[in-house]
Amino acid sequence: QGVVQERATAVVHTLSANAELRDRLLAAGAVEELVPLLSKGVDAKGSLALQASAAGALRNLAFDDEEAQQKIADAGALPVLVSCLSQSGTDLQQHAAGALMNLALRLENRAAIGAAGGIPPPV
């Protein structure tokens with residue numbers, strides 16, 4: 001099941017790069033499926049590739065879509081994405097950072113990202 005889940009998440013990540021498909025993925029409940037996968041590696045033995053694909057898909061879904069940004073935040077993704085920044089795996093870190101960047105475009109998400117430790121203190 002793990003390999004199938006990993007590959008399916010990679011397909012969703014790829015499809016989410018297409019602007020025409022984003023609304024369909026959102027309507028089909030992609031966010032609600034992706035957020036638990038994203039936290040799988042944080043809470044249990046999950047694949048870094050699975051997490052990276054989930055973070056990449058969330059990054060794409062959040063791109064230039066305030067409604068999607070709110071939906072992703074409401075699903076509890078912000079603290080999990082912040083925790084992914086300190087995980088091993090460059091792809092995971094890059095996708096998580098990209099997702100947080102897109103999510104931070106929504107003013108209401110900025111405070112939640114900061115509260116989750118996503119904004120380091122100034123030196």
Side-chain angles (χ1 to χ4, degrees):
Q1 182 188 10
V3 172
V4 173
Q5 195 173 43
E6 191 174 304
R7 289 182 181 165
T9 305
V11 169
V12 172
H13 177 202
T14 300
L15 293 175
S16 66
N18 182 316
E20 294 176 16
L21 297 177
R22 283 189 206 126
D23 288 337
R24 291 182 187 182
L25 289 168
L26 289 165
V31 169
E32 293 78 7
E33 296 295 325
L34 290 167
V35 172
L37 297 178
L38 182 63
S39 58
K40 198 169 192 175
V42 175
D43 299 332
K45 294 219 179 222
S47 154
L48 285 175
L50 174 69
Q51 284 183 278
S53 290
L58 290 171
R59 180 201 65 210
N60 292 342
L61 292 171
F63 179 74
D64 200 30
D65 186 335
E66 192 166 330
E67 189 175 318
Q69 294 163 2
Q70 179 179 348
K71 191 174 202 175
I72 293 166
D74 290 347
L78 298 177
V80 183
L81 285 165
V82 169
S83 71
C84 288
L85 296 174
S86 62
Q87 299 291 316
S88 60
T90 307
D91 287 345
L92 173 58
Q93 292 171 345
Q94 288 177 349
H95 291 314
L100 288 166
M101 179 186 69
N102 287 341
L103 291 163
L105 294 174
R106 183 172 178 267
L107 186 61
E108 293 82 359
N109 289 342
R110 292 179 191 168
I113 291 169
I119 302 169
V123 176

> Is a donor on one side and an acceptor on the other found under 3.5 Å between the side chain of Q93 and the backbone of Q87?
Replying inline: yes
> Of all heavy-atom pairs between A54 and L37, which one has the smallest distance, and what is that distance?
Replying inline: CB-CB, 4.3 Å
> Taking side chain as C-beta onward, heavy atoms only, is R22 less than 4.5 Å from D65?
Replying inline: no
> Taking everything shown except E33 itself, do over 12 heavy atoms lie less than 6.0 Å from its CD?
Replying inline: no
> Distance from D91 atom CG to C84 atom SG, nearest 0.5 Å?
Replying inline: 12.5 Å
> Passes side-chain contact (heavy atoms from CB on, under 4.5 Å), L78 versus I72? Steps please.
Replying inline: CA-CA 8 Å; L78 298 177; I72 293 166; 5.6 Å; no
> Does V31 share a hydrophobic cluster with F63, counting links as ILVMFWY side-chain heavy atoms below 4.5 Å and allowing steps through other members?
Replying inline: no
> Given the rule in the side-chain contact (heavy atoms from CB on, under 4.5 Å) test, do L61 and L26 qualify, once you have shown the distances and angles that lead to the verdict?
Replying inline: CA-CA 8 Å; L61 292 171; L26 289 165; 4.1 Å; yes
> Going only through I, L, V, M, F, W and Y residues with side-chain contacts under 4.5 Å, is there a path from V11 to L21?
Replying inline: yes
> Side chains of L25 and N60: does their closest heavy-atom pair fall under 4.5 Å?
Replying inline: no
> Is there a donor-acceptor pair under 3.5 Å between the side chain of S16 and the backbone N or O of H13?
Replying inline: yes
>> Check whether Q69 reaches the backbone of N102 with its side chain - one donor and one acceptor, N or O, closer than 3.5 Å.
In response: yes
>> Please give me the minimum heavy-atom distance between P79 and G76, naming the atom from each residue.
In response: CD-O, 3.6 Å
> If you look at every heavy atom in A57 and L34, which pair is closest and at what distance?
Replying inline: CB-CD1, 3.6 Å
> Do you know which two heavy atoms are closest between A96 and A55, and how far apart they sit?
Replying inline: N-CB, 3.9 Å
> Would a 4.5 Å heavy-atom cut-off, applied to side chains only, mark Q70 and E108 as touching?
Replying inline: no
>> Applying side-chain contact (heavy atoms from CB on, under 4.5 Å) to R59 and M101, what does each step give before you reach the verdict?
In response: CA-CA 8 Å; R59 180 201 65 210; M101 179 186 69; over 6 Å; no
> Under the side-chain contact (heavy atoms from CB on, under 4.5 Å) criterion, do H95 and Q51 qualify, and how do the steps go?
Replying inline: CA-CA 9 Å; H95 291 314; Q51 284 183 278; over 6 Å; no
> Looking at A116 and V82, what are the two nearest heavy atoms and their distance?
Replying inline: O-CG1, 3.2 Å
> Any link between L103 and V35 through a network of hydrophobic side chains (Ile, Leu, Val, Met, Phe, Trp, Tyr) touching at under 4.5 Å?
Replying inline: yes
